[in-house]
Amino acid sequence: MFDAEPLDVVAIGAGFAGLYMVYRLREQGFSVHGFERGDGVGGTWYWNRYPGARCDSEIMFYSFSFLPELEQEWPLTERYPGQPDILRYLEEVASRLDLRKDFTFGAEVTAIEFDEAADRWTLRTAQGHLATARYVVTAVGCLSAANQPGFPGADAFQGLSLHTGNWPREPVDFTGKRVAVIGTGASGIQAIPVIAGQAAHLTVFQRTAQFTIPAENGPLDEQFVALWKRNYPEWRRRARHSAAGFPYTPSITSALEVSEAERRAAFEAAWGAGGFTFLSGTFRDLALDEEANKTAADFVRAKIAEIVHDPDVADMLKPRDFPIGTKRLPLDTNYYETFNRQNVSLVDLRRTPVEEITPAGIRTTAGHHDLDVIVYATGFDALTGPLEALGIRGRGGQALRDAWREGPQTYLGVAVPGFPNLFTITGPGSPSVLSNMPVSIEQHVEWIGDCLAWLRGHGGEVIEATGQAAAGWTDHVQQVASVTLHPKAATWYMGANIPGKPRVFLPYIGGVSNYRDHCAAVAANGYGGFAVFPAPAPRPVGKGDDGTRPGDGRAA
Ligand SMILES: Cc1cc2nc3c(=O)[nH]c(=O)nc-3n(C[C@H](O)[C@H](O)[C@H](O)COP(=O)(O)OP(=O)(O)OC[C@H]3O[C@@H](n4cnc5c(N)ncnc54)[C@H](O)[C@@H]3O)c2cc1C
């Protein structure tokens, strides 16, 4: 139970990140407490209970690596774990490590303010909790602030309105219902085939046609699992030292240096095998070169034409206005096939936009759709959304939201100048959503734990990223993105799905392994790029460790 004593550390969130952070700091002897808005652990997998919700990372590496016993015992049943399986896994982690006692659930953090006189943070929740701590770690996830589009009349709808990212705990029965799904991102693509199998009629409202690759989900072979489990440490090592946190071997071949037939064979094999290797495992330049990218995009467009019987529907489903892979690539089970069902229709919102939600359904410029249920599969205010919603105020009472008005400024995605003693797990400017996230989460948690241990060992109480270090890192994040095709697309990676959000590339695309090495070098250099107070002795070499107090000019 939370007893309102001053703490060393407060953590927010009880998903992968919050669970490991609280455990790690507790083991290191810090007084630490977590606050979680939900009534239980699980984070993403607590909230996203929509039909078809499933991970696109394969089960063998969508788990913690710091629990070798659980790693051996946990059943690896199917290739991609479904939401209930992952929730069960995280509940098991919480039970084994006795973590629930260190969290307050049903507690939504709405204000976190830095007291410059005391060098401490004060945290408040909407439910009236009050806590003070030397350090704050946000473990609020990148995809936890649901994006609810503001269609006129939405509140007046008399049927059931649901958001995939905030799904009810009890299963929803669509039998005999007229259902709309608005949105065809990764969540919509998972939900649509399953809802179509239950509903009397499903109308899919599509704003942007999507490339999706078959998941080829299925049970895992026992021998494969046994072999995998025997070699777990090596797979984990490879994942940590990879581009995206997956232990795959990327291709070294250009799509433009092989013949048409060879290219087609490579794409065909990857399509048949299923999964993300369609991009990373086929050719090395799909994310970098427009012509190379077009070969993959053309392949998928041809597949859509083959799969979907009605040529008009197939045409509407073909993505044309962004390079493949620049939007988060969904994996699907029978997505395009679903549009051959008699009970499914597709509305192209580019041609016929929504005018309003009425009490009885949705009116577009082409007419009215009578509905019983509207499912919003409209995604998230990614990365910055959950952080800005915390009501964080740093030095001089500056709101994080104001500091990031032109886009997030972070050092390594884990610290923000002007906000001392605040750490952001998988924050903007870190590999985060471009990686297999448990790998990136573990790296951040361990780095933060080591940093706090180092401060304690060196008598440091306040640590703050310098403005100069954050500006340099933020520029680097944008520069690396600019050599890829990513900035060419209007995506949630660029903040483009939220009206008024600054258009900057939010995650770091320089690679998990490079990033990890960089963070390790910063730590080894006595936390270069951070100001520390009182300055440690003997003085480490690095920026911001000249003994000045953070916030007195150097860190601005
Ligand atoms: C549908 C879906 C599919 C995904 N598939 C994959 C995948 O295939 N591979 C992959 O690597 N990643 C995937 N992800 C990303 C996924 O979010 C991460 O893998 C991982 O679960 C993140 O863990 P986390 O602890 O950082 O954040 P989360 O799991 O999001 O947990 C954050 C927690 O913080 C809490 N919180 C937020 N704000 C507050 C507040 N103000 N007060 C109190 N509590 C708060 C939330 O309630 C939540 O429980 C997927 C995400 C979604 C939504």
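Atoms within a ligand are numbered from 1 in the order they appear, just like the ligands themselves. Scope of the values below: all heavy atoms of this structure, side chains included, with no hydrogens, waters or symmetry mates. Numbering of residues begins at 1 and proceeds along the displayed sequence.
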Pick from Ala191, Ala17, Ser57: the one approaching atom 24 (P) of ligand 1 most closely through a non-hydrogen atom: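 Considering heavy atoms of Ala191, Ala17, Ser57, the nearest to atom 24 (P) of ligand 1 sits in Ala17.
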I'd like the name of whichever of Ile441, Val445, Thr125 reaches closest to atom 22 (C) of ligand 1 through any heavy atom. Ile441
Test of proximity, Gly13 against ligand 1: N or O pairs below 3.5 Å: no
Given that the side chain starts at C-beta and the backbone is N, CA, C, O, which of these parts of [X] lies under 4.0 Å from ligand 1, counting heavy atoms, or is it both or neither?
X: Ser435; result: backbone
X: Thr110; result: neither
X: Ala107; result: backbone
X: Thr44; result: both
X: Phe105; result: neither
X: Arg328; result: side chain

min-distance protein heavy atom vs atom 35 (C) of ligand 1 -> Glu36 OE1, 3.3 Å
I'd like to know whether CZ of Arg207 has more than 12 heavy-atom contacts from other residues, nucleotides or ligands below 6.0 angstrom.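 Open: at most 12 neighbouring heavy atoms sit under 6.0 Å from CZ of Arg207.
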Hey, mind stepping through Tyr50 and Gln83 against side-chain hydrogen bond (donor to acceptor under 3.5 Å, both in side chains) and telling me if it holds? CA-CA 9 Å; Tyr50 59 85; Gln83 172 272 329; over 6 Å; no
Determine whether any heavy atom of Ala53 lies closer than 4.0 Å to an atom of ligand 1. no
So, Arg96 and Glu73, do they make that salt bridge, N to O below 4.0 Å?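 Salt bridge present between Arg96 and Glu73.
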Using a strict 4.0 Å threshold on nitrogen-to-oxygen distance, state whether Glu92 and Arg88 make a salt bridge. no
